[in-house]
Amino acid sequence: MRLLLVRHGQTPSNLKHLLDTAEPGPGLTPLGQEQAAALPGALAKERIDVLYASTLLRTQLTAAPLATRTGLEVVVRDGIRELSAGDLEMRRDAEAAETYLTTAFAWSAGNTGLRMPGGENGVEALARYDAVVAEAAASGAETVAMISHGAVIRMWVAVRAENVDIEFAAAHALRNTGALILSGTPGEGWRAHRWEDHSFGPRDSGPHESGPAGETAEGAHG
């Protein structure tokens, strides 16, 4: 199966550097809407059979233009939502961002029992994402697109893709509407073929991109 993991378009919380992970979450900014509108053209060569989005509003809005182009119904699943920030929810300080990402990549390193402060642990996060990927694979679809979120995509791929290590995933942010393209199956494993960390649609090059600890705030999470 070919698996396209796409981050949603820009949101107001991305601009404010907020750890905004609760449902339903914000919609898209005007730029985010442009990024979503550009996805069908950017993915025109992909013969997508099934289209998923998370339960957060921003992924469903990002998926909508692609659904219109393909004629597919958007399958909404909680399992591919963003990593819950727990007690860090709606914080924007460097300490919170560092704790959030450090915890996520600790899960990628195998410390899956570690819990996000007030939130889920790695066992729970991986299990819910794995379940949706397994559902998609069981459908028999050859190409599946999932509109998901930055931190959970990077964390999951660092665990499941045989050719992506934690150092690479941690060093390569995923911008809004950036995508990872993998192939494989849940039983045989996954291999990443493309890591498109740039936006498929228009990219905001404003000063707000500079986030804590050298990470771009847009690419870090959300």
Side-chain angles (χ1 to χ4, degrees), residues 1-15 20-21 23-82 129 132-133 135-137 139 141-157 161 169 172-183 190 192-206 208-209 216-222:
M1 184 176 80
R2 189 167 172 85
L3 181 60
L4 318 178
L5 300 178
V6 183
R7 190 184 176 208
H8 59 82
Q10 186 193 69
T11 73
S13 291
N14 293 150
L15 290 176
D20 186 352
T21 68
E23 295 179 347
L28 302 177
T29 63
L31 175 63
Q33 295 171 17
E34 291 182 51
Q35 292 170 335
L39 269 182
L43 299 177
K45 294 182 180 179
E46 299 286 350
R47 299 183 62 182
I48 298 170
D49 301 306
V50 182
L51 175 60
Y52 283 83
S54 82
T55 47
L56 300 184
L57 177 61
R58 53 192 179 268
T59 63
Q60 296 169 49
L61 293 174
T62 303
L66 194 56
T68 298
R69 193 268 289 177
T70 59
L72 296 170
E73 180 179 350
V74 179
V75 181
V76 177
R77 292 289 183 266
D78 180 68
I80 57 172
R81 72 181 189 277
E82 183 57 293
Y129 215 91
V132 182
V133 173
E135 175 189 308
S139 74
E142 293 185 5
T143 300
V144 174
M146 294 186 178
I147 313 301
S148 187
H149 305 264
V152 72
I153 290 174
R154 294 164 68 197
M155 183 279 295
W156 186 83
V157 170
H172 290 77
L174 194 62
R175 296 185 183 276
N176 296 110
T177 63
L180 276 68
I181 300 178
L182 306 92
S183 64
W190 299 93
H193 300 287
R194 292 173 61 188
W195 185 296
E196 299 287 358
D197 54 2
H198 64 277
S199 299
F200 276 135
R203 171 181 165 184
D204 186 352
S205 58
H208 66 272
E209 283 185 354
T216 61
E218 285 189 276
H221 46 72

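Listed by first and then second residue, the salt bridge (Lys or Arg N to Asp or Glu O under 4.0 Å) pairs that reach into residues 52-80 are Arg77-Glu135, Asp78-Arg81, sequence neighbours excluded.
Side chain of Glu82 to main chain of Val152: a donor-acceptor pair is present (N/O by atom type, distance under 3.5 Å, no hydrogens or angles). With Glu23 contributing its side chain and Thr55 its backbone, the two residues share no donor-acceptor pair below 3.5 Å. The backbone N or O of Leu180 sits nowhere less than 3.5 Å from a side-chain atom of Glu196 that would complete a donor-acceptor pair. Using modelled atom types, no side-chain atom of Asp49 and backbone atom of Val144 make a donor-acceptor pair closer than 3.5 Å.
Contacts of Ala36 classified as side chain to side chain contact (heavy atoms under 4.5 Å, CB included), with partners at least two apart in sequence or in another chain: Leu28, Thr62, Pro65. Scored by the side chain to side chain donor-acceptor pair (under 3.5 Å) test, Glu142 finds no partners at all (sequence neighbours excluded). Applying the side chain to side chain contact (heavy atoms under 4.5 Å, CB included) rule to Ser13 yields the partners Thr11, Leu18, Asp20, Pro26; only residues at least two apart in sequence or on another chain are considered. With sequence neighbours excluded, no residue satisfies side chain to side chain donor-acceptor pair (under 3.5 Å) with Thr70. Scanning for side chain to side chain donor-acceptor pair (under 3.5 Å) contacts around Thr177 gives an empty result, with sequence neighbours left out. Partners of Glu34 by side chain to side chain contact (heavy atoms under 4.5 Å, CB included), not counting sequence neighbours, listed by chain and number: Pro202. Checked against side chain to side chain contact (heavy atoms under 4.5 Å, CB included), Ala169 has the following partners two or more places apart in sequence or in another chain: Phe105, Ala158, Val164, Trp195. In this structure Tyr129 satisfies the ring-ring contact (aromatic ring centres under 6.0 Å, His included) test together with Trp156, sequence neighbours excluded. Judged as a side chain to side chain donor-acceptor pair (under 3.5 Å), and not counting sequence neighbours, Ser139 has no contacts.
When only modelled atom types and interatomic distance are considered, Thr59 and His149 share no side-chain donor-acceptor pair under 3.5 Å.
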Review point. What's the verdict on side chain to side chain contact (heavy atoms under 4.5 Å, CB included) for Ser183 and Met1, showing C-alpha distance, side-chain angles and the deciding distance?
Key: CA-CA 5 Å; Ser183 64; Met1 184 176 80; over 6 Å; no
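Distance check: Leu4 CG to Tyr52 OH gives 13.0 Å after rounding to the nearest 0.5 Å. For the atom pair NE2 (His8) and CG (Leu57), the distance works out to 11.0 Å, reported to the nearest 0.5 Å. Atom OG1 of Thr143 is separated from atom CG of Leu51 by 12.0 Å, given to the nearest 0.5 angstrom. To the nearest 0.5 Å, atom CZ of residue Arg175 and atom CG of residue Asn14 are 11.5 Å apart. In this structure, Ile80 CD1 and Ile147 CD1 are separated by 8.0 Å, a value rounded to the nearest 0.5 Å.
Closest of all the heavy-atom pairs between Gly79 and Val132 is CA-CG2, 3.7 Å. The two atoms that bring Met146 and Ala136 nearest to each other are CE-CB, 3.9 Å, heavy atoms only. For the pair Ala179 and Val6, the tightest heavy-atom approach, listed with the atom from each and the gap, is CB-CG2, 3.9 Å. Here the shortest heavy-atom pairing between Leu61 and Gly27 reads CD1-CA, 3.8 Å.
The shortest side-chain heavy-atom distance between Leu3 and Ile181 does not fall under the 4.5 Å cut-off. Residues Trp190 and Val133 meet the side-chain proximity criterion, which asks for heavy atoms closer than 4.5 Å.
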List the atom pairs, donor and acceptor, that lie under 3.5 Å between side-chain atoms in residues 38-48 and the rest of the protein, sequence neighbours left out.
from, atom 1, to, atom 2, distance (Å)
Glu46, OE1, Arg2, NE, 2.8
Glu46, OE2, Arg2, NE, 3.4
Glu46, OE2, Arg2, NH2, 2.9

